[in-house]
Each structure stands twice: as C-alpha cells, then as structure tokens.
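This report refers to the structure that appears directly beneath it.
A, B, ... follow the sequence lines: proteins, then strands. Residue 1 opens every chain.
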Amino acid sequence: SSAYISLLQCCIQKRALQETKLIHTHMNKTGFKPDILVYNTLANAYVKCGSVVDARNVFDKMTDRNVCSWSLMISAYSRHGPHREALGMFRQMQNYIEPNHYSFTSVMPACGELKLLEQGMEIHEQIIRYGYERHGVVANALLDMYAKCASMENARKVFDKMSQRDVVSWTSMIVGYMQQGLVDEARRLFDEMPQRDVASWNATIAGFAQNGFVDEAVKLFDEMPQRDVVSWNAMISAYGQNGIVDGALRIFREMPERNAYSWNAMIAGLVQNGLVDEALKLFHEMPQRDVFSWTALITGFARNGLVDEALKVFKKMPGPDVVSWNAMIAGLAQNGHAREALKLFQQMQLSGVKPDSKVFPSVLSACANLAALEQGMEIHKQIVEFGFQSD
RNA sequence: GCAGUGUCUGUUC
C-alpha cells in the first residue's frame, strides 16, 4: 500500500499520466484492494496529470470516501471544468459529510468562473457559519470569487477585514480592478503591495494590456526580476491584442521556452490582426494542436470571408466544444450565411453540446437577417429558459 | 495525516 503511494507520488511530481495508468492497472490485475488513502492518491495523480475523467472513474468506484476525496474532485472540476460539476459535487458531498476549509476553497473558483455571485454569497454565509472566514486561504478564495464576479465592493470588504494579506490576496484584487477597467486602482495596489511574486507581475502586465496600456505592460515586463513562460505568453497577447504583431512575433521568437499557450496566443494574435496565412503556418508548425488552436483558426478564416475554409477546419477538428461551435456559427452569421448558421445551431444541440450565452447574439442576428420571426421567437424562448441557469 | 486560493491562449461584445 505504501509502495503504491510512493510510486503515485512520483507520478504526481512528474505529471506522468501513462505511469499512473500502469500503476492503476497493476493494482487491478493483482487483486489489490486499495484503501481510501491509496484511492485518493490515485485520483489526485490523475488530476495532476490532467485527466479529470480518470480521476472521476476512480472516485466513482470508491465505496468509502472522506472529505479529502470530495475536495479533491471539487477542486479538479474548479480548475479544469466543467465548473458546474464542482458546484454539483459540493452540494452532493453534504449529503454524506461535512465540508471543511479545503472543500470551501475548492468550490470558490467555480463560482468565480461561472460568475455566480448569488451562489458565492450563499457559500460565504456557510463559511461564516462554519467559522472559517478568518482562515487565510479561505478568505483569499472568497475575495477572488467576488473579484471574478465583478463585485469589487465585496472583494474589498473581505480584503480589508483580513488580518494577513499575502501575494495571492493582493493579486486577486489587482485582477479584479483590471477586469473592471479600474486601472489606476489596480496600479495603486500593485505599487503598494509589500511583496510581489512572478504571478503578481504577470497579472498586472496582462491587466494593463487588456486595458490597452501596452507601454505599461512592456515597462513592467522589462522591470520584473524574474520571468516565467507565463510572463512571455502575457506579452505575446499584450502585443497581439493591441495590434502590434511584430512585437508579438519578436517575443515569440525570443522566449526561452514555449508551451501550448504561447503558440495559441501567437496564432490568435495573427488572426486578430487579419493574418490568417501566417496563423495557418504556425498552426501546422506547432507540436500539439488543441481546441484553442483549431478554434482560433476557424475564426481567422471566417473573419477573412473564407467560410469554406473555416468549415473545412471545423469538420476536421477533433472534439469541438461549445466555443468552437460558437465560433463557426458566428463565422457563418457574419458572412451572410444565416440559414446555415441556424442549422448549425440546431446541429450543435443535437450533438449534445449545450449552448452558452455567447452564441445567442450570432443566432439572433441570423434570424434578423432572414426576417425569421418565428425562429427568432423560438430562440427568444430558449434565451429566457436559459436565463435561469445562465453561465 | 492524502485534498484547498491568485497570473498567460480560442467564440460574443
């Protein structure tokens, strides 16, 4: 049992999915009966190697689960999605067991991602009832949830009440203000914060860039004491979002190491600036294409009026998600193919992909162009239904 | 005791 655990710990450190699976099958073949600790470590290994599905399978097979098992899965869904699942499991666990501070911190990011302020506030009250609101990590998670939900007053309240503020607390506040366009407030916090780590620098750089302040972003990038791949990626996006393609390309070439984010950010930057051909080149050059790369390419073709190319890409891509469908539907709608856009909208639902709020603008404009009042009203109904469970 | 919080990439605007 302890042998399995130390092997799995190695897999966690090395993010080794294949080895984790090997250990898992070995346990099954030898008829070994894992205890809770082994199961939890196995599930955790799967999560750390990026396979939430495998982790969930392990979780489902467990006959005994403790609060760690639940918190582990909740945080997995909070990180990797589907975020709703984090909330579902958080609710479900309470039929069997009391949540603790780990469970509360694990579920908060899901509320933030989904912008479920009401839910977040309910859980906040629960946190108070359980007496965890003065716990540093819990308070950070809470404040970040409020910031992500665009409720800076509440975030500020949590922040001001904290007895110990760390880099995480400060960074969450900065990100929140940046997302609200309150750049000066964010800058003040960045200047005032007692310590900074690479994440606080990165967050501030990205925030400046998203608000159109490329020069400020560049200044921080030059000033920062340490850079990691996230810093470089943030600069690719900073330039790309602000129309400075050669700047983005320079960073992309000069950076010491690239990951999928780097490639995708560069491809997106080219696409946003109308350079699909260049984007396509990088798309083929990159070592591993993912759903982000494919979707960016679809948008690239569609924005240049190359709908057929976009459709070809869409049909070829493996596992399109709701965003990919949205991109293709929007591409059709924007190029005057309203009928096809609506058809694809139906196909999306038939294929089991739930629409999210971002698809409706394209779909409605398609209806408007067709003067399709009936369909428009049908979709209006869907939007209303959707409103009650909006993302 | 095994589990927890912040920073970078695609669709809408």
Side-chain angles (χ1 to χ4, degrees), chain A residues 5 8-9 12 35-45 47-48 66-76 78-79 100-109 112 135-145 147-148 166-176 178 197-207 209 228-238 240-241 259-269 271-272 290-300 302 320-331 333-334 356-365:
Chain A
I5 290 177
L8 287 166
Q9 301 285 11
I12 293 174
D35 57 13
I36 295 197
L37 181 55
V38 174
Y39 267 132
N40 286 349
T41 313
L42 178 61
N44 187 26
V47 172
K48 293 289 152 35
N66 62 16
V67 66
C68 299
S69 332
W70 286 96
S71 306
L72 175 91
M73 287 311 302
I74 293 169
S75 96
S78 269
R79 270 187 184 290
N100 66 8
H101 46 296
Y102 282 85
S103 332
F104 287 118
T105 22
S106 303
V107 75
M108 294 316 312
H135 187 294
V137 178
V138 175
N140 279 345
L142 255 176
L143 124 57
D144 186 67
M145 178 278 294
K148 292 272 169 20
D166 63 12
V167 277
V168 176
S169 342
W170 287 86
T171 305
S172 289
M173 289 299 289
I174 291 171
V175 171
M178 285 295 196
D197 64 5
V198 65
S200 21
W201 286 88
N202 293 342
T204 311
I205 288 172
D228 62 10
V229 64
V230 176
S231 329
W232 292 88
N233 291 345
M235 286 309 297
I236 296 176
S237 298
Q241 287 158 358
N259 61 16
Y261 281 75
S262 329
W263 288 89
N264 290 335
M266 193 61 245
I267 289 172
V271 161
Q272 281 154 18
D290 61 18
V291 64
F292 286 81
S293 342
W294 287 92
T295 307
L297 199 61
I298 291 170
T299 302
D321 66 4
V322 63
V323 179
S324 328
W325 285 92
N326 287 352
M328 194 60 248
I329 292 167
Q334 286 155 9
D356 73 7
S357 60
K358 293 224 171 42
V359 77
F360 291 121
S362 322
V363 172
L364 284 177
S365 90

Worksheet, complete the sentence: note: Leu8(A), atom CG; rA3(B), atom P; distance rounded to Å ~ 12 Å
Worksheet item: For Asp166(A), which residues count as a side-chain hydrogen bond (donor to acceptor under 3.5 Å, both in side chains) partner, sequence neighbours excluded?
Response: Asn140(A), Ser169(A)
Worksheet, complete the sentence: Whole-Å distance, Leu142(A) CG to rG4(B) P, equals 18 Å
Discussion item. Does the protein touch nucleotides 6-13 of chain B at the base, only the backbone, or not at all? Give it as B, S and - per nucleotide, heavy atoms under 4.0 Å.
Written reply: BBBBBBB-
Worksheet item: How long is the line joining CD1 of Ile74(A) and P of rC2(B), in whole Å?
Response: 18 Å
Discussion item. Base of rG4(B), side chain of Thr105(A) - is there a donor-acceptor contact under 3.5 Å?
Written reply: yes
Discussion item. Under the rule for side-chain hydrogen bond (donor to acceptor under 3.5 Å, both in side chains), what residues qualify as partners of Thr204(A), not counting sequence neighbours?
Written reply: none
Practice prompt. Mind checking ring-ring contact (aromatic ring centres under 6.0 Å, His included) for Trp325(A) and listing every partner two or more places apart, or none if nothing turns up?
Written response: Phe314(A)
Worksheet item: Does Asn202(A) have any side-chain contact (heavy atoms from CB on, under 4.5 Å) partners at least two apart in sequence or in another chain, and if so, which?
Response: Val198(A), Met224(A), Asp228(A), Val230(A), Ser231(A)
Practice prompt. Tell whether Asn100(A) reaches the base of rA3(B) with its side chain through a donor-acceptor pair below 3.5 angstrom.
Written response: yes
Worksheet, complete the sentence: Encoded 5' to 3' (Watson-Crick or G-U under 3.5 Å; [ ] crossing; | other strand), RNA chain B becomes .............
Discussion item. Tell me every residue that passes side-chain hydrogen bond (donor to acceptor under 3.5 Å, both in side chains) with Ser71(A), counting only those two or more places apart in sequence or in another chain.
Written reply: Ser103(A)
Worksheet item: When you measure from the side chain of Ser172(A) to the backbone N and O of Leu143(A), does any donor-acceptor pair fall under 3.5 Å?
Response: no
Worksheet, complete the sentence: Those residues at least two apart in sequence (or on a different chain) that pass side-chain contact (heavy atoms from CB on, under 4.5 Å) with Ala234(A) are Ile205(A)
Practice prompt. Kindly say if Lys48(A) contacts the phosphate of rG4(B), meaning a side-chain N or O under 4.0 Å from OP1 or OP2.
Written response: yes
Practice prompt. Only counting residues at least two apart or in another chain, list the ones meeting side-chain hydrogen bond (donor to acceptor under 3.5 Å, both in side chains) with Asn233(A).
Written response: Asn259(A), Ser262(A)
